[in-house]
Amino acid sequence: NAGVTQTPKFQVLKTGQSMTLQCAQDMNHNSMYWYRQDPGMGLRLIYYSASEGTTDKGEVPNGYNVSRLNKREFSLRLESAAPSQTSVYFCASRRYQETQYFGPGTRLLVL
Amino acid sequence: QKEVEQNSGPLSVPEGAIASLNCTYSDRGSQSFFWYRQYSGKSPELIMFIYSNGDKEDGRFTAQLNKASQYVSLLIRDSQPSDSATYLCAVNFEGGGNKLTFGTGTQLKVEL
């Protein structure tokens, strides 16, 4: 039981490049989330998926897209990376009204 | 906009003392409340959750909820250097679906 896994752990991009952050959970959770964490800003919700087949914008969705591929997997795509997207990205999953579990994070640097 | 407020700290306490961390939230109808601990460079991990008014104890940790005053606190008894971390308060706001709103966290330093 691996919980929530994320790949890659660390990535360096040049401005304008694209990439996809992968997230998978093996806890049979319905809901999955993508957050970014910046110093002094706390965890900010980018997108979430309440259940397979649905996605919704969070607090800071601009510049990102998501895909809920199946119940296990939820990916985050940066189409044209910008330095402002330098951050630590966390994926999380949750069964309804229960505890939310986080993945180990992806550290992204955009030059 | 629904908000969760925490003092950023750092909160410094001597080893063996009680650390008291506080969190206020903006929506009186909020239903569930969570405390996460985050070590530097790591992901948040759940310490406790509380749904009802009053206290909930788990080992050295006690969560206290006062819905009328809209605050939730976390007490850490017999603080250890290993408790040094950032503590995040999260709230499931009424009408927020299955989303949690996080505070910015309080940094706790336990000094020898």
Side-chain angles (χ1 to χ4, degrees), chain A residues 2-7 9-10 21 23 25 27 29-52 54-61 66 68 71 74 87-108, chain B residues 1-10 21-27 29-52 56 58 61 63 74 85-108:
Chain A
V4 182
T5 57
Q6 292 183 237
T7 56
K9 287 186 169 53
F10 182 72
L21 283 65
C23 174
Q25 53 92 9
M27 296 176 282
H29 287 169
N30 292 322
S31 301
M32 298 186 72
Y33 310 82
W34 277 106
Y35 295 90
R36 61 178 289 174
Q37 188 174 40
D38 304 291
M41 301 293 289
L43 283 162
R44 292 184 293 169
L45 184 64
I46 305 172
Y47 270 94
Y48 70 102
S49 171
S51 60
E52 186 178 356
T54 67
T55 60
D56 286 286
K57 295 178 180 179
E59 182 185 353
V60 288
V66 291
R68 182 75 183 266
K71 192 170 186 178
F74 189 39
S87 188
V88 180
Y89 291 85
F90 290 104
C91 177
S93 71
R94 185 183 188 208
R95 199 191 312 275
Y96 187 68
Q97 292 190 335
E98 295 183 2
T99 302
Q100 186 166 282
Y101 294 92
F102 286 85
T106 294
R107 282 150 184 78
L108 176 65
Chain B
Q1 184 163 343
K2 298 180 179 179
E3 296 181 335
V4 178
E5 300 279 348
Q6 293 182 260
N7 188 318
S8 61
L21 303 160
N22 299 310
C23 170
T24 59
Y25 57 94
S26 60
D27 185 353
S30 301
Q31 298 174 346
S32 51
F33 308 85
F34 302 80
W35 282 103
Y36 286 82
R37 177 177 62 200
Q38 186 175 26
Y39 292 114
S40 181
K42 301 295 185 182
S43 58
E45 55 180 337
L46 182 77
I47 299 175
M48 295 190 69
F49 61 89
I50 186 167
Y51 298 131
S52 305
K56 180 180 179 182
D58 183 1
F61 298 94
L74 179 69
T86 297
Y87 290 80
L88 303 171
C89 173
V91 177
N92 196 164
F93 285 115
E94 185 179 33
N98 210 19
K99 296 182 292 183
L100 297 183
T101 300
F102 286 82
T104 55
T106 298
Q107 184 183 8
L108 173 66

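Throughout, a chain's letter reflects where its sequence line sits, starting with A, and its residues are numbered from 1.
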Set of residues satisfying side chain to side chain contact (heavy atoms under 4.5 Å, CB included) with respect to T24(B), sequence neighbours excluded: E5(B), Y71(B)
Heavy-atom side-chain contact between R94(A) and N92(B) under 4.5 Å: yes
Hey, could you give me the CZ/OG distance between F93(B) and S32(B), rounded to the nearest 0.5 Å? 10.5 Å
Is any residue of residues 41-48 of chain B within less than 4.5 Å of chain A by heavy atoms, and which ones? G41(B), K42(B), S43(B), P44(B), L46(B)
Are D38(A) and R36(A) close enough for a salt bridge, meaning some N to O gap below 4.0 Å? yes
Go through the steps for M27(A) and R95(A) under the test side-chain contact (heavy atoms from CB on, under 4.5 Å), then give the verdict. CA-CA 9 Å; M27(A) 296 176 282; R95(A) 199 191 312 275; 5.5 Å; no
How long is the gap from CD on Q107(B) to CD on Q6(B), to the nearest 0.5 Å? 12.5 Å
Can you tell me which portion of S8(B) sits under 4.5 Å from chain A's heavy atoms? Options are side chain, backbone, both or neither. neither
What distance separates S31(A) OG from K99(B) NZ, expressed to the nearest 0.5 Å? 11.0 Å
Toward chain B, the part of L45(A) with a non-hydrogen atom under 4.5 Å: side chain
Other residues, nucleotides and ligands only: do more than 12 of their heavy atoms fall within 6.0 Å of CZ on F102(B)? yes
Checking heavy atoms, do the side chain of R107(A), its backbone, both or neither come under 4.5 Å from chain B? side chain
So, the part of Q31(B) with a heavy atom under 4.5 Å from chain A: the answer is side chain
